[in-house]
Amino acid sequence: MGLRRQKHAKKNMGFYRHGFQFREPFQVLLDGTFCQAALRNKIQIREQLPGYLGGDTELCTTRCVLKELESLGKALYGAKFIAQSFQVRNCSHRKDPVSGSACLLSMIEEGNPHHFFIATQDQDLANKVKRKAGVPLLFIIQNTMVLDKPSPKSLACVQKLQTNELVPEHQKQSIVQLKEKEGLARQEGEKRRKRKRAGGPNPLSCLKKKKKKTQEGQEPSAEKKKRRKRKRNRVKAEAMQPVQKNEEEEIHLCKQCRT
């Protein structure tokens, strides 16, 4: 198995796993044309397909496909023998069998709820499968099995699901039931309260406080400084007074001595 082909299959399987919830074991519906191509190219479907899809698989077919192979005679005896070894899925054509392609199309109606893969070499059937969303298509090219890339219908469906524009009805009902169970269901007229978000500090509280000015327009700090200076001057004047008195007494004593 080529590395490039394996990467291609892994990418496509990831799309169907996440976009349409495909899970193991993968159920693969095969028709007579695919069995005949596998026999001609000596492909062991049961051994090779699980490794290619990356998980356990259940190979299955329908009664209509088996009856169609039986009606075609000995030319497709080998394909019939291979198809008989697969599991048989019940279809709605028990009384009135239809062609294999019509039967397989009926098995993937209503959005492919059973998550079937379709394996066929019928080009007309393959084109009809591509018009349905969420149906992987398998075919054989150059002695190898190939998982076709997702159809435009499948891509558009997944895109709508991702943007919440389309929700399946069963999922809507389950969501409503879970809300009622958890007590989260709100009344129709009840308004939803807005949650208060934790904000930052008030920008006004971060501003520096302005200094109050006096009536004359001077700042209180300047006035205090002036008052302090006046006090200092008074102390100096009081200290100078006794010095002047001492000098006057000395001068007076000197005059008395001279006389």
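Quick note: numbers below take in every heavy atom, side chains included, and nothing from hydrogens, waters or symmetry partners. In this chain, residues are counted from 1 in sequence order.
Under the salt bridge (Lys or Arg N to Asp or Glu O under 4.0 Å) criterion, the residue pairs touching residues 17-44 are Arg17-Glu24, with sequence neighbours excluded. The list of salt bridge (Lys or Arg N to Asp or Glu O under 4.0 Å) pairs with a residue in residues 138-150, not counting sequence neighbours, reads Lys130-Asp148. The salt bridge (Lys or Arg N to Asp or Glu O under 4.0 Å) pairs that include a residue from residues 75-92 are Glu58-Arg89, where partners are two or more places apart or lie in different chains. Here ring pair (Phe, Tyr, Trp, His ring centres under 6.0 Å) pairs that include residues 91-115, with residues two or more places apart or in two chains, are Phe22-His115, His114-Phe116.
Atom CG in Leu147 sits 14.5 Å away from atom NZ in Lys10 (nearest 0.5 Å). Once rounded to the nearest 0.5 Å, the distance linking OG of Ser151 with CG of Asn127 reads 11.0 Å. To the nearest 0.5 angstrom, Leu69 atom CG is 13.0 Å from Lys67 atom NZ.
Judged as a side chain to side chain donor-acceptor pair (under 3.5 Å), and not counting sequence neighbours, Asp122 has no contacts. Under the side chain to side chain contact (heavy atoms under 4.5 Å, CB included) criterion, Lys132 pairs with Leu105, Ile108, Glu109, Val135, not counting sequence neighbours. For Asp96, the salt bridge (Lys or Arg N to Asp or Glu O under 4.0 Å) criterion is met by no residue, not counting sequence neighbours. Residues passing the side chain to side chain contact (heavy atoms under 4.5 Å, CB included) test with Val28 are Leu30, Leu49, Leu53, Leu59, Phe117, Ala119, Leu138, sequence neighbours excluded. Listed by chain and residue number, Thr33, Phe34, Ala37, Phe139, Ile140 satisfy the side chain to side chain contact (heavy atoms under 4.5 Å, CB included) test with Gln121 (two or more places apart in sequence, or in another chain). Remark: Asn90 engages Arg63, Arg94 in a side chain to side chain contact (heavy atoms under 4.5 Å, CB included) (not counting sequence neighbours).
Side-chain heavy-atom separations under 4.5 angstrom define the hydrophobic clusters, and the remaining members of the one that includes Val88 are Leu66.
Across every non-hydrogen atom of Ser106 and Cys103, the tightest pair is OG-O, 2.5 Å.
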